[in-house]
Amino acid sequence: HNEIVLYLVFLHDNVHIVSYSDSGTMCKWNCNTGLLVGEPWGDKGEDEGEDERGEIIALVISPDGKTIVCGRYDGSVERWDTDGNMIEDEWADHDGGRVKSLSWSPSGDYIASGTDKGMVLIHKAESGEIEVGPIETKHDQVGSLAYSPSGNKIASGGWESICIFDTKTGQLIIGPVGHDHDLDSIALSPKYNVLACVGDQGIAQLWDTESYQPLGEPFSQDYYNRLHHVSFSRDGRYITHGGDNNKITLW
């Protein structure tokens, strides 16, 4: 990328990544070669001017690996396939708030959205109808969301804290748990009891989701490279993150 990497997701073949940068485009990459696959796609259609919905500020992939969901600055949510083709039926119901974060339930039936007003909504994935919420979190804004592998819990990340809620009732289970640095993104491992957090000063930290304690020291730290997004591979063996240095790093 020629601009800051804001969001990225692993595709389920464990070979490709789709990323979104500050330039307003999404790109598909081959992890084995580091090369771009096809052409970038983004905020403008062929016959359209500037997109009035604003930039994409949240990005997540479906459990079956076929659909990418994006949240926009104006509070709308839209769906794309992994080759850059937009799917119809955009929806929005966020009381004027911006969609800052998204997370897809493991079953694929629900999508959770978090806003800049500290609110979480759980929607039916096909229709966008609200199933649970609004859930009032302890955060000023919900910068990141992550479903547990079982789907019965969801973790939310604010600037300096993490909360965990029951996805059926919206009740707070744990938190807020304090964090030493501003958080931009969290991800739950699909295989292990591990939560990854990234954010300010290039901090990347792993947490045990049973004890809610950090797992050792941060495995990445760079004061001048804020990390904006973190993602686990489908088998839980790898973590990738992107940030202000315009690079995607694989661990």
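Values in this document were obtained by computation on a predicted structure and should not be read as measured data. Computed from heavy atoms alone, side chains included, the values below leave out hydrogens, waters and symmetry copies.
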Contact check, side chains of Asn30 and Val15, non-hydrogen atoms, under 4.5 Å: yes
Non-hydrogen side-chain atoms of Pro106 and Pro63 separated by less than 4.5 Å: no
4.5 Å side-chain heavy-atom contact, Leu145 and Phe165: no
Under 3.5 Å: donor-acceptor pair, side chain of His139, backbone of Ile162: no
Contact check, side chains of Asp109 and Glu131, non-hydrogen atoms, under 4.5 Å: no
Residue pair Val194 / Phe232, side-chain heavy-atom distance below 4.5 Å: yes
Flag side-chain contact, heavy atom, 4.5 Å: Val132 against Thr167: no
Donor-acceptor contact present, side-chain Thr240 to main-chain Ser231, <3.5 Å: no
Beyond-backbone contact of Ile57 with Asp116, side-chain heavy atoms, under 4.5 angstrom: no
Side chain Ser233, main chain Asn14, donor-acceptor under 3.5 Å: no
Side chain to side chain, Val69 and Ile111, heavy atoms closer than 4.5 Å: yes
Partner residues of Thr67 under the side-chain contact (heavy atoms from CB on, under 4.5 Å) criterion, sequence neighbours left out: Ser62, Arg79, Ile87, Trp104
Any residue meeting salt bridge (Lys or Arg N to Asp or Glu O under 4.0 Å) with Glu39, in chain and number order, not counting sequence neighbours: none
Residue pairs passing the salt bridge (Lys or Arg N to Asp or Glu O under 4.0 Å) test where at least one lies in residues 23-38, sequence neighbours excluded: Lys28-Asp83
